Amino acid sequence: MSNAYIDQFPAEAKVIRAAFYSSFFALALGGVFGIIQTLHRTGYYRFIDSADYYTVLTAHGVFLVISFTIFFLVGIFTWAITTSLDRGVEDLRFTWGWYGLMAVGITLTGVAILAGFTDATDISASVLFTFYAPLQAHPLFYLGLVLFVVGTWFAGVDWFRSWWAWKAENPDERIPLPAFMVLTTMLMWYIATLGVAAAILLFLLPWSLGLIESVNPLLTRTLFWFFGHPVVYFWLMPAYMMWYVLLPKISGGKLFSDPLARVVFVLFLILSVPTGIHHQYLDPGIAEGFKFIAMTNTMFLLLPSLLTAFTVVASMEHGARQRGGEGYLGWLKALPWRDPVFAGMALAGLMFAAAGFSGMINAGMNINYLVHNTFWVVGHFHLTVGTAVALTFMAVTYWFLPQVTGKQLWSRSVALGQVVLWFVGMTFMSNAMHRGGLLGIPRRTAEPQYDGFEFEAAVGSVAELDAQIALGGVLLTLSLVLFFANVVGTALNGRSDDLPDNSYAGTLSGPEDAPQILDNLKLWTAIAVVLVIFAYTFPLLSIIDRGGLFGPELVELPLSTLDLESISALALAVEQSTIATLETTADTATAVIAGVIP
Amino acid sequence: MRISKGGLLVVLALLAPLLVELRTVLAWVNVELSVLESAAIGLILVVAIFVWAFWPDNGNDGPTSDSSPR
Amino acid sequence: MSHATDESTQIQDPDQPTDSDQVREIGHDEFDPVGALALIGLYFLILVFLWFFMYFVEFLGNDPTVVSGIVSVVTGGVGLA
């Protein structure tokens, strides 16, 4: 008799399995649309109408970054809470309830998107993942998203209930690390989703239903990015959790530092939300000063990511040295590269390191102007969510599937081939996307070629870049096929009694070394809320002031003139000081460079 | 064999990003490679890694034996 | 649960299958993550290098940009690019 997760928590294992299979279904759909789009854009094989490209793009985006990632997240988080608190969920009907709500919600949204392919109904939702107004979707699309997000809220309630019940029984104990990660991530999510909830419920859904005439596009955009940046951490946090609590164990060692891990998650709770405006550096109508504040907050976010890089690598190194690794870099050879779970996560981490650099480019206000809305950005997020997150999820699937199904993995060799193939495919595709972006090739474009104009490549040619993208896309699709073969093959296997135990990594420096204040979730939430208020109150008020709550024609918010004047004055002051700083910097740079260049 | 099969696979995979950007780096020092030439260099490197990996490691099996397959 | 004791008392769990290749036990005080330092240091150097490199690719490689002070340099730097 083994001691796998399914043996400890058979009922919860069923929920997690359902969440995983929902997630994989979305991955399959999203993958199909991905390859269609790759071949269409690069001009290798165009069998859909270019007007339908946006429907494909919407489906690719929504299915992958909403359903694939978040369904997987709820599976992992349920595992983390039950395993680390060592107790089942409080009420299984409630757990199935939120899963059901999420499933119904995403089905409605998915139907609204896919209906765009047929003329039989007038339902469509080709508004892309960002659903910027004035692009308008059928009400079903927004309604489904609302239900899905509310489902995740209830999931959070479920996990908080488990924690409260556990705390009542263990009043003096530290929150176990995985549970701590779940709780901080969910707090961040509650704050973040307020933005999208407001955008949809107050503006986009009533507008789509015809209840209001118009919306203020900049307002709904800003509210979207209020949610849109933290959502990327919502995808990333489960991957981080896996790097912290599973990767050290798989490497044969222990987590280097529990306190550092807690600090990282606290920093993400605090800093994730007040950064969204960095997606809007090119939006007119938001003062430079506000953008500068968002940039500063964003740069602070590099801190938890670099902390993670060090802690995770040090934990891997601990494993490698326990396995006999030696030297400054020689220990890398002692890592279990044959294990697909390890190899997948390590390669995902490596890609994430590269993405860190392109992310810094995106985050810098002045440099961002050069890559904004180009193919570069697409290359960037295929490294982050498309590899750091997706490849980690696929790799840990090879550990989780036996745990929640009670069956042996169908083939470890195929699994290893799959993760390596993903890495190679993404190398080709993402690299060429970055390079294309530098040449100015736009994103979100069905046919990025123009009469009388050619993009000039510094090295090679655009045709070569297209070939790399298509090759990468094909390799990625192949990798997905191998992944699903393994999932299906495992599901068809018989029940096994010889499974690894359900456990996670121990720690070298444990929670007893972490200051007690790290577990004070109320404090961190309060700080996070204050930072959000600082970062968003003035931008939102000034957007409403300029463009009206429901668009320019309608009556504006009843704000006193005094308020508005002080806001504009403040905005102007910040704007001017920023410009002054930039000018000085530019002057200095000019002087330096003039000195360097003969 | 000096490296595990899994390790060899990963090393070959890591070669991909290096090869893809090798042309850009060389163009910086005014060495222009065609796609075919890049592919040829890739092939040579792959063969070199294979030869290294399968070369019997007589003499220094101290540190390398740790990473050989079970 | 195996990890509960693992965490509080820092005893290695003998049942963990991935530990079968373990040849020695390294505790908190003996472990000196020089390898992690080397790797992260290398990454940091690459970042710094790329940051400088970025200037040439993104500014000198393109036409005049929104940052006004740079324009004069672009014309002066064409020979270099």
Side-chain angles (χ1 to χ4, degrees), chain A residues 3 8 83-84 86 176-177 249-254 256 258 306 309-310 313-314 316-318 320-325 327-329 331-332 336 339 353 356-357 360-361 366-367 369-371 438 458 500-501 503-512 582-583 585-587 589-590 593-594 597, chain C residues 1-13 15-44 46-47 50-51 54-55 57-63 65-73 76-77 79-81:
Chain A
N3 197 24
Q8 299 168 342
T83 300
S84 71
D86 198 12
L177 186 60
K249 189 182 76 145
I250 304 287
S251 323
K254 290 177 178 178
F256 182 61
D258 170 293
L306 288 175
F310 183 79
V313 173
M316 277 164 46
E317 185 190 355
H318 181 247
R321 297 218 185 273
Q322 292 206 131
R323 295 162 60 95
Y328 276 97
L329 293 174
W331 56 273
L332 287 168
D339 184 347
F357 179 71
M360 281 158 68
I361 297 286
N366 49 350
I367 320 166
Y369 292 160
L370 297 169
V371 294
L438 288 180
D501 283 352
S503 68
Y504 54 88
T507 53
L508 277 177
S509 166
E512 64 281 356
L582 282 178
E583 277 172 357
T585 321
D587 287 346
T590 316
I593 284 147
I597 297 169
Chain C
M1 200 79 110
S2 54
H3 62 270
T5 50
D6 212 307
E7 271 198 339
S8 49
T9 59
Q10 316 240 334
I11 295 170
Q12 192 62 42
D13 182 353
D15 299 334
Q16 287 183 8
T18 45
D19 290 339
S20 54
D21 296 335
Q22 186 173 333
V23 295
R24 61 187 164 202
E25 168 87 38
I26 300 176
H28 178 267
D29 295 332
E30 305 94 89
F31 180 51
D32 187 14
V34 285
L37 186 69
L39 220 54
I40 298 294
L42 201 66
Y43 176 57
F44 190 74
I46 293 173
L47 277 191
L50 284 176
W51 191 252
M54 177 271 299
Y55 176 80
V57 172
E58 308 235 352
F59 285 97
L60 294 189
N62 283 300
D63 285 337
T65 71
V66 286
V67 181
S68 55
I70 301 298
V71 178
S72 57
V73 185
L80 185 105

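The basis for the numbers below is simple: all heavy atoms, side chains too, and nothing from hydrogens, waters or symmetry mates. Remember, predicted model here, so these are calculated numbers, not experimental data.
Pairing each heavy atom of C/Arg24 with each of A/Arg321, the nearest pair is NE-O, 2.6 Å.
Looking only at side-chain heavy atoms (C-beta outward), A/Trp331 and C/Leu39 come within less than 4.5 Å of each other.
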When the side chains of residues 29-38 of chain C are checked against the rest of the protein, which donor-acceptor pairs come out under 3.5 Å, sequence neighbours left out?
unit_1: C/Glu30; atom_1: OE1; unit_2: C/Gly27; atom_2: N; d: 3.0

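Checked against side chain to side chain contact (heavy atoms under 4.5 Å, CB included), A/Phe357 has the following partners two or more places apart in sequence or in another chain: A/Ile361, C/Leu47, C/Leu50, C/Trp51, C/Met54.
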Item to check | Derivation and outcome, side-chain contact (heavy atoms from CB on, under 4.5 Å), residues A/His318 and C/Ile26 | outcome: CA-CA 8 Å; A/His318 181 247; C/Ile26 300 176; 3.9 Å; yes

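No donor-acceptor distance shorter than 3.5 angstrom exists from the side chain of C/Gln22 to the backbone of A/Arg323, with no hydrogens or angles considered.
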